[in-house]
S.K.: 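One structure is given below, represented as structure tokens, and several questions about it will come after.
Please read these numbers as outputs of a predicted model, since none were measured by experiment.
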Amino acid sequence: MNLFVQTLINGLVLGASYSVIAVGLTLVFGILHIANFAHGAFFAIGAYAIFLLSGWGVPYLAALPAAIAIVAAVGFITEFSVIRRAIYGEGHGSIIVTFALGQAMVAALILLFGPDPHPIRSPFAQATVSAFGMVIAGQRLFVLLTSVVVLAGFGAWLRYTVRGQQILAVAQNPRGALYSGINVPMIRSLSFVVGVAAAGLAGALLAPIVTAYPTMGHTTLITGFTVVILGGMGSISGAMLGALLIGVANAMFETYVSVSWTPALGWILVIGVLLLWPQGLMGRPQLYRH
């Protein structure tokens with residue numbers, strides 16, 4: 001029983017980190033209608049930002065918001081210089097352009113920092129929390145708690161603020177939002193920056209666990225798309241639900257079945273769900289796309 005509960009906790013930690021990644025990916029798709037294949041690169045940039053700031057002597061907790069700001073700045077430059085000029089409204093082109101962007105960012109990380117992994121120091125790395133015979137690593141608990149707070153805050157921001165309501169309006173009907181006076185280009189820019197900043201936050205949170213290396217975002221990107229498809233493309237609540245399901249399912253599968261087959265589990269779940277619910281668990285048909 002203890003093993004089951006311990007595995008469940010590990011799955012929830014995984015799911016929480018997947019949620020932060022997938023919510024950013026979903027936000028970009030829901031507003032811009034593009035599949036951001038550079039999302040994994042922004043995840044890696046968040047990890048390297050923490051590595052760089054830690055090397056300069058900045059404490060981990062102080063480096064977290066600074067890393068998010070760095071990723072947001074890179075995201076803004078990318079959106080302004082490439083995304084808005086090349087691929088708004090071009091769904092198929094977005095795959096090519098964002099994939100190329102992601103590869104260019106990974107190549108830049110290799111040139112700047114080398115191909116070897118870099119460990120990241122965290123004040124929670126050596127800490128553990130024990131309760132009822134179960135043990136959870138301090139950094140994993142920090143990831144879980146931070147993810148929950150960030151996702152709750154993000155949901156409240158979308159629901160109760162003017163900018164959040166404008167984002168939801170643009171996601172539902174960009175043309176109608178434009179006619180009602182909403183600055184749609186600005187909302188698109190904001191959505192892209194917030195989305196990639198979420199990926200950077202996830203990278204900064206997980207870096208002390210997995211280390212920082214240039215291609216760390218590749219697996220994360222695949223997992224993120226699995227979660228988004230499972231929950232429903234463009235559905236933020238669906239992304240959160242899908243992330244928890246994938247996280248718990250992966251942890252259980254690794255513990256009780258096979259580690260080597262775990263990467264295939266997400267896609268098996270996706271296929272099974274799409275056969276029953278073609279829009280995903282919480283996705284809805286979009287009547288207006290542009």
Side-chain angles (χ1 to χ4, degrees), residues 20-43 45-46 68-102 104-105 150-151 153-202 217 221 224-225 227-229 231-240 283-290:
V20 177
I21 297 165
V23 162
L25 199 58
T26 299
L27 185 64
V28 172
F29 180 84
I31 304 299
L32 277 60
H33 304 298
I34 64 173
N36 183 17
F37 278 79
H39 204 69
F42 286 105
F43 173 84
I45 291 173
I68 297 170
I70 291 172
V71 177
V74 175
F76 175 77
I77 294 170
T78 302
E79 193 276 338
F80 179 80
S81 60
V82 178
I83 302 297
R84 74 170 61 176
R85 301 173 187 274
I87 61 177
Y88 277 160
E90 299 292 335
H92 297 295
S94 72
I95 297 175
I96 300 171
V97 174
T98 58
F99 179 79
L101 275 172
M105 290 177 183
V150 168
L151 292 172
F154 179 71
W157 180 69
L158 283 180
R159 186 178 181 87
Y160 298 113
T161 68
V162 174
R163 282 286 181 262
Q165 291 293 310
Q166 289 176 343
I167 286 176
L168 295 177
V170 173
Q172 293 173 5
N173 187 346
R175 192 179 299 275
L178 182 64
Y179 291 160
S180 67
I182 295 175
N183 188 343
V184 173
M186 184 272 290
I187 292 298
R188 283 177 164 171
S189 299
L190 177 63
S191 300
F192 186 85
V193 171
V194 171
V196 300
L201 170 61
L221 178 66
F225 273 112
V227 168
V228 169
I229 295 169
M233 297 293 283
S235 172
I236 291 176
S237 56
M240 295 181 186
R284 294 181 180 179
Q286 292 183 349
L287 298 179
Y288 306 95
R289 290 187 60 85
H290 304 291

S.K.: Which pair of heavy atoms, one from V196 and one from G75, lies closest together, and at what distance?
M.R.: CG2-CA, 3.8 Å

S.K.: Is there side-chain contact between V82 and T98, with at least one heavy-atom pair below 4.5 Å?
M.R.: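 No, too far: nothing below the 4.5 Å cut-off.
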
S.K.: Is the shortest side-chain heavy-atom distance between S189 and R84 below 4.5 Å?
M.R.: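 They are in side-chain contact.
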
S.K.: Let me see the working for F43 and I21 under side chain to side chain contact (heavy atoms under 4.5 Å, CB included), right down to the final yes or no.
M.R.: CA-CA 8 Å; F43 173 84; I21 297 165; 4.0 Å; yes

S.K.: Could you tell me which residues satisfy side-chain contact (heavy atoms from CB on, under 4.5 Å) with L221, sequence neighbours excluded, listed by chain and number?
M.R.: F37, H39, F225

S.K.: Give me the atom names and distance for the closest heavy-atom approach of A38 to L101.
M.R.: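 Minimum heavy-atom contact is CB-CB, 4.2 Å.
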
S.K.: Mind checking what makes side-chain contact (heavy atoms from CB on, under 4.5 Å) contact with A198, not counting sequence neighbours?
M.R.: V20

S.K.: Working to the nearest 0.5 Å, report the span between CG of N173 and CG of L178.
M.R.: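 One gets 10.0 Å once the value is rounded to the nearest 0.5 Å.
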
S.K.: Could you walk me through whether R175 and Y179 pass the side chain to side chain contact (heavy atoms under 4.5 Å, CB included) check?
M.R.: CA-CA 6 Å; R175 192 179 299 275; Y179 291 160; 3.5 Å; yes

S.K.: Return the minimal non-hydrogen interatomic distance between P174 and V184, and the atom names on each side.
M.R.: O-CG2, 3.7 Å

S.K.: Would a 4.5 Å heavy-atom cut-off, applied to side chains only, mark T78 and M105 as touching?
M.R.: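 SC-SC contact between T78 and M105 confirmed.
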
S.K.: Drop me the distance from R188's CZ to L190's CG, to the nearest 0.5 angstrom.
M.R.: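 Spacing of CZ (R188) from CG (L190) equals 13.5 Å.
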
S.K.: Are the side chains of I83 and I34 in touch, meaning some heavy atoms are under 4.5 Å apart?
M.R.: yes

S.K.: Looking at V170 and A177, what are the two nearest heavy atoms and their distance?
M.R.: CG2-CB, 3.9 Å

S.K.: Is the ring pair W157/F154 parallel, tilted or perpendicular, if the boundaries are 30 and 60 degrees?
M.R.: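 Tilted, since the angle between the ring planes falls between 30° and 60°.
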
S.K.: Any idea which heavy atoms bring V28 and S191 closest together, and the distance?
M.R.: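 The answer is CG2-O, 4.2 Å.
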
S.K.: Looking at every non-hydrogen atom in both residues, tell me the closest pair between Y160 and Q165 and how far apart they are.
M.R.: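 Minimum heavy-atom contact is N-NE2, 4.4 Å.
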
S.K.: For a 4.5 angstrom cut-off between non-hydrogen side-chain atoms, does V227 reach L25?
M.R.: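 No, side chains not in contact.
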
